Visitor: 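Below you'll find the structure I mean.
Order of the sequence lines sets the chain letters (A, B, ...), proteins ahead of strands, with each chain counted from 1. These values consider heavy atoms only, across backbone and side chains, with no hydrogens, waters or symmetry-generated copies. The structure presented is a predicted model; accordingly, all values stated were derived computationally and were not measured.
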There are 4 protein chains.
Amino acid sequence: MRDKIRIGVIGGSSPPSEALEQAFQVGRLIARAGAVLVCGGLGGVMEAASRGAKEEGGTVIGILPGQDFQAANPYVDIPIATAIGYLRNALVVLNSHVLIAVDGSYGTLTEISYGLIYGRKVFGIGTWEIPGVISTSGPQQAVELALKEAKNAYS
Amino acid sequence: MRDKIRIGVIGGSSPPSEALEQAFQVGRLIARAGAVLVCGGLGGVMEAASRGAKEEGGTVIGILPGQDFQAANPYVDIPIATAIGYLRNALVVLNSHVLIAVDGSYGTLTEISYGLIYGRKVFGIGTWEIPGVISTSGPQQAVELALKEAKNAYS
Amino acid sequence: MRDKIRIGVIGGSSPPSEALEQAFQVGRLIARAGAVLVCGGLGGVMEAASRGAKEEGGTVIGILPGQDFQAANPYVDIPIATAIGYLRNALVVLNSHVLIAVDGSYGTLTEISYGLIYGRKVFGIGTWEIPGVISTSGPQQAVELALKEAKNAYS
Amino acid sequence: MRDKIRIGVIGGSSPPSEALEQAFQVGRLIARAGAVLVCGGLGGVMEAASRGAKEEGGTVIGILPGQDFQAANPYVDIPIATAIGYLRNALVVLNSHVLIAVDGSYGTLTEISYGLIYGRKVFGIGTWEIPGVISTSGPQQAVELALKEAKNAYS
């Protein structure tokens with residue numbers, strides 16, 4: 001478990017249904033590749049990705065804003081409470097080797113920015129198009145590129 | 001002091017010289033209006049704005065990433081240590097009624113994003129042009145709009 | 001303001017009336033000596049000490065657990081919001097040169113412990129008697145010793 | 001994994017050898033009971049307990065002060081970086097159902113205090129004897145009582 005690649009999936013808590021489907025596929029592909037999915041542990045993109053990962057027998061770490069670790073969505077295996085509200089967005093990033101952003105609003109933008117501050121590559125699916133975010137054609141390409149990046153950078 | 005308007009000035013730590021001059025003017029205008037300047041307490045835009053405010057006899061709060069409150073730039077009157085690194089960016093926002101962004105890189109983008117999450121208006125001078133940031137023609141207009149917004153929203 | 005001694009006053013939010021009176025005296029003596037009072041910004045010992053300081057024309061910094069800086073007690077001049085709940089206890093300590101503990105429960109004990117971790121001397125008035133806390137006979141002695149310590153250690 | 005009892009083991013980073021042996025036994029007993037061990041992820045009591053848990057095939061979550069999750073001791077399965085220094089002590093507590101303290105200095109005392117603030121029972125082995133800490137005769141009794149408490153309180 002310690003040596004597995006960790007892919008952070010970030011995105012909005014109330015996204016359009018297309019983004020939910022994409023996040024679900026991202027979660028499935030991460031689990032199928034044997035990587036660990038890291039997310040913010042709540043709803044929307046976070047939950048859809050978590051559900052995808054669980055469907056493939058993967059492992060999900062959810063880093064929560066509140067002080068109750070049981071508040072995580074039901075697909076999180078390892079919920080971590082932080083009690084620091086939106087400041088926990090930085091922790092989602094720090095605990096991932098690489099990030100995939102799906103859709104997302106300002107919370108996701110803090111995570112993308114922290115990713116670029118802390119030197120994480122960010123692969124995007126219909127998300128903020130700011131310099132530094134690498135746009136992809138969808139879940140398949142995003143997960144492929146993320147795995148490749150993580151293997152190169154951390155092994 | 002408690003009832004004064006607080007204007008947060010955010011921006012890069014190593015900006016081009018034009019941004020430093022703009023930040024300096026922003027600081028002067030904030031102090032001249034009797035408002036308190038809040039910033040991250042370090043160099044670049046933060047220091048230039050602080051210097052501007054001090055030149056007009058203003059008050060500067062600097063919210064620092066490290067654990068030593070004496071690490072603030074010399075123009076900060078009230079340095080606050082946090083020991084939480086870049087997570088302190090959220091605290092710069094929370095302690096301001098309204099924000100002015102000058103230039104800036106990814107750290108500034110986390111602050112802009114936190115601003116929009118926490119309901120602060122963000123006025124921009126040559127900074128990230130993302131939805132929600134209100135572009136201005138320069139220091140004069142930015143401070144005028146910021147003061148107007150703060151007076152409307154908090155009195 | 002930047003060069004003034006900062007004395008942190010820590011203690012319970014619902015202490016017995018004797019502790020409130022002691023905290024009030026501590027606040028008065030801090031202000032009379034020209035030092036800045038730092039506290040957690042809320043009620044009980046924090047508010048009594050703040051009130052004492054204001055009565056003597058002093059300055060009070062209140063470092064709050066929540067995200068709204070207006071939640072501070074009415075005697076705080078410079079409220080600082082943190083949004084990190086009880087984790088802010090460490091920030092009360094970091095922003096003080098020296099600490100005076102009056103009464104207090106487990107929250108105060110985290111602050112005393114952080115004080116001893118971060119190398120702050122802790123002077124006690126009817127508080128936790130653990131190794132490292134220097135017991136005093138009351139407000140007069142506590143403030144005298146705190147001022148002496150702060151002057152020696154930081155000038 | 002989600003529904004397993006989590007027992008936090010707290011204690012000093014450079015304790016006497018007797019405490020290391022006790023922490024090791026605590027780790028073994030936690031793993032043997034099928035519970036998850038949560039700790040601060042670094043050396044001393046944290047590492048000894050982690051090593052004990054791994055020797056019995058258990059699972060260890062390590063919540064680290066720094067920003068690099070690879071800095072955890074080699075027996076941690078799930079390292080979590082926080083970048084908030086000693087403020088992370090509160091997170092060790094929040095992510096445990098119940099705590100066992102072995103030896104320990106001021107850092108441990110912040111954790112005991114946070115435990116009592118957040119309503120966690122704290123069982124002690126040669127640690128701070130403050131009101132609220134339940135002294136035990138050693139690893140066997142501490143783990144038995146901790147498991148019993150966790151089962152009663154959270155099921």
Visitor: Roughly how far, to the nearest 0.5 Å, is CZ of R2(D) from NZ of K54(A)?
Guide: 10.5 Å

Visitor: Which residues from residues 66-87 of chain A are near chain D, with near meaning under 4.5 Å between non-hydrogen atoms?
Guide: Q67(A), F69(A), Q70(A), A72(A), N73(A), P74(A), V76(A), D77(A), I78(A), P79(A), I80(A), A81(A), T82(A), A83(A)

Visitor: Tabulate, in ascending numerical order, the residues of residues 18-42 of chain D having at least one heavy atom closer than 4.5 Å to a heavy atom of chain A, or enter 'none'.
Guide: none

Visitor: Find the one option among N95(D), L94(D), L91(D) whose heavy-atom pairs under 4.5 Å with chain A are most numerous.
Guide: N95(D)

Visitor: T136(D): which residues meet the side-chain contact (heavy atoms from CB on, under 4.5 Å) condition with it, sequence neighbours left out?
Guide: F123(D), I125(D), Q141(D), A142(D), L145(D)

Visitor: Once salt bridge (charged side-chain N to carboxylate O under 4.0 Å, His left out) is applied, what residue pairs with a partner in residues 5-16 of chain A remain, sequence neighbours excluded?
Guide: none

